[in-house]
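To find a chain, count down the sequence lines: A is the first, B the second, and so on, and within it residues start at 1.
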Amino acid sequence: MDTTEKIAMVKRPPTEEVLTTADLKTFFDEGRHIRHYIGFEISGLIHLGTGLMTGAKIADFQKAGIDCSVFLADWHAWINNKFGGDMETIQRVAVGYFKEGLAVSIAAMGGDPDKVRFVMGSELYRDSESYWTNVINISKNLTLARVRKSITIMGRQQAEDVNFAQLIYPPMQVADIFEQDLSLVHSGMDQRKAHVIAREVAPKLVREKPVAVHHRLLLGLNQPPVWPVEKEKLRELWSQMKMSKSIPKSAVFIHDSPEEIHDKLKQAFCPAQNTDFNPVLDWAKTILFRDGEAEFVVHRPKKFGGDITLYDYSSLETAFAQGDLHPLDLKTAVAERLVDLLAPARDHFSKPKYAKMLEELKEIKVTR
RNA sequence: CCCGACGUGGUCUAGUCUGGCUAGGGCAGUGGACUGUAGAUCCACGUAUCGCCGGUUCAAAUCCGGCCGUCGGGACCA
């Protein structure tokens with residue numbers, strides 16, 4: 001695979017942006033060993049936005065010869081009060097449910113989880129003086145205002161009251177990157193503030209800027225809080241429109257049963273003929289038509305036109321916009337495809353050992 | 001440490017001064033009706049140790065005392 005093809009692989013949907021393509025090209029041209037990471041707070045159930053979007057990109061990165069890793073951010077989860085701020089629970093879930101869930105998600109999207117390094121935050125920090133030196137050096141190059149603005153990476157509103165530990169979180173996230181000598185940092189668009197800080201601060205600490213790749217966020221299935229969506233305020237609104245595990249009906253989880261998947265999609269917000277911010281259409285585009293093309297079969301009763309098959313996203317969108325495809329038929333078809341796609345995750349978590357992990361997790365009180 | 005404001009269902013909040021019907025409302029949520037989906041609309045419904053402890057009283061969210069917490073201000077600054 002040549003540089004052009006590798007870059008195309010990195011940029012393949014659902015990638016939303018690469019900071020910057022020029023830097024990435026340099027890495028490939030120099031034939032460098034590229035160390036990647038994507039980090040997660042350990043919290044509740046893994047939904048499609050976490051599992052499938054991550055899996056899709058890791059699969060692509062591996063094809064481009066990139067060395068991938070998943071960072072299990074136990075300290076960050078602790079700071080951000082996940083699982084009631086109970087570190088023991090966080091760490092148990094991290095090496096249990098969370099690691100399993102991500103591995104099976106990566107596999108479901110065509111990646112090889114056995115070649116992904118899983119790194120625990122606490123292991124990285126243990127006995128590492130350089131880590132905390134990095135935290136301080138990074139902090140010395142940030143203002144309080146800048147850190148406060150970046151607080152949205154924790155899923156917190158900027159105005160929301162935060163405790164002092166939470167202000168240490170963003171510099172730590174940047175230090176995670178430096179400590180592991182990463183050259184390609186990856187996340188959803190919601191984490192871009194941290195990566196932009198990493199890129200800005202890196203030269204000041206005489207380090208190379210890491211390339212940042214951000215994939216798009218999946219819409220939640222619920223109606224956006226502001227409808228119709230004001231496009232001028234899109235940046236701020238995204239955090240309220242994205243899939244959220246704390247709004248159960250906005251999300252499908254990787255191990256949901258076929259019945260749950262169908263039920264959640266049936267209840268999804270899906271205004272007829274409307275193609276903007278329509279979550280069902282968004283999921284079809286982002287998950288099922290990744291490259292714009294797929295074989296998408298819509299089963300429907302004869303009185304509504306009978307079965308049809310669509311082969312690219314634009315014709316799907318056109319059919320929906322013109323009212324040739326009813327929302328309910330679209331929902332059912334998307335649900336059917338998701339049921340198939342998630343089969344490996346569902347099967348994995350039906351095995352007694354992993355089913356138990358999932359059950360235990362559901363019983364633990366999840367705090368936001 | 002001192003002064004002040006505040007602490008009511010998931011959330012925002014009315015009620016506290018002038019104690020007293022089943023603590024009211026908005027939003028969110030749930031169920032139903034209507035649409036071949038959802039939403040919108042209409043109908044119905046649930047949920048509160050009124051921050052904690054004690055006191056006064058026939059009766060306390062309401063009055064009194066103490067404590068805890070949040071926010072703001074002040075003091076301390078050899």
inquiry  = Between B/G66 and B/G29, how many Å separate the two C1' atoms, rounded to a whole number?
reply    = 39 Å
ask   = Between A/D263 and A/K266, does a salt bridge (charged side-chain N to carboxylate O under 4.0 Å, His left out) hold up when you go through it step by step?
value = CA-CA 5 Å; A/D263 188 53; A/K266 183 171 184 323; over 6 Å; no
request  = Compare all side-chain heavy atoms of A/M154 with those of A/Y169 and state whether any distance is below 4.5 angstrom.
outcome  = yes
message = Just to be sure I understand the rule, does A/K249 reach a base, reach only the sugar-phosphate, or reach nothing, if contact means heavy atoms closer than 4.0 Å?
response = sugar-phosphate
query = Rounding to the closest angstrom, what is the interatomic distance between B/G10 and B/U47 at atom C1'?
reply = 9 Å
ask   = Expressed in whole Å, how much space separates the C1' atoms belonging to B/G15 and B/G24?
value = 8 Å
query = When rounded to the nearest Å, what value does the distance between C1' atoms of B/G31 and B/G46 take?
reply = 10 Å
Distance, C1' atom - from B/A75 to B/C58, rounded to whole angstrom = 47 Å
note = Writing each nucleotide of RNA chain B 5' to 3' as (, ), [, ], | or . by Watson-Crick or G-U pairing under 3.5 Å yields (((((((..((((......[...)))).(((((.......))))).....(((((..]....))))))))))))....
request  = May I ask you to check whether A/Y313 and A/F296 place their ring centres under 6.0 Å from each other?
outcome  = no
task = Would you give the length of the straight line joining atom CD1 of A/I153 to atom OG of A/S187, rounded to the nearest 0.5 angstrom?
result = 9.5 Å
query = Within a strict 4.5 Å, meaning less than it, do heavy atoms of the A/N137 and A/F178 side chains meet?
reply = no
Steps toward side-chain hydrogen bond (donor to acceptor under 3.5 Å, both in side chains) verdict (A/Q62, A/K115) = CA-CA 9 Å; A/Q62 287 182 327; A/K115 292 195 175 131; over 6 Å; no
note = Quick tally for nucleotides 35-43 of chain B: nucleotides whose base has a protein heavy atom under 4.0 Å get B, sugar-phosphate-only ones S, the rest -, giving -BBBS----
remark   = To the nearest angstrom, the CD1-C1' distance between A/I247 and B/U11 comes to 13 Å
Between B/G25 and B/G69 - C1' atom distance, rounded Å = 27 Å
key: Separation between the C1' atoms of B/U8 and B/C50, rounded to whole Å   = 4 Å
query = Under 3.5 Å, is there a donor-acceptor pair between the A/Y125 and A/D176 side chains?
reply = yes
task = Could you work out the separation of B/U22 and B/U13 based on their P atoms and round it to a whole Å?
result = 27 Å
ask   = Any side-chain heavy atom of A/H186 within less than 4.5 Å of one from A/H195?
value = no
ask   = Which is it for A/K57 and A/T15 under the side-chain hydrogen bond (donor to acceptor under 3.5 Å, both in side chains) test, yes or no, and what are the steps along the way?
value = CA-CA 8 Å; A/K57 286 319 300 172; A/T15 291; 3.0 Å; yes
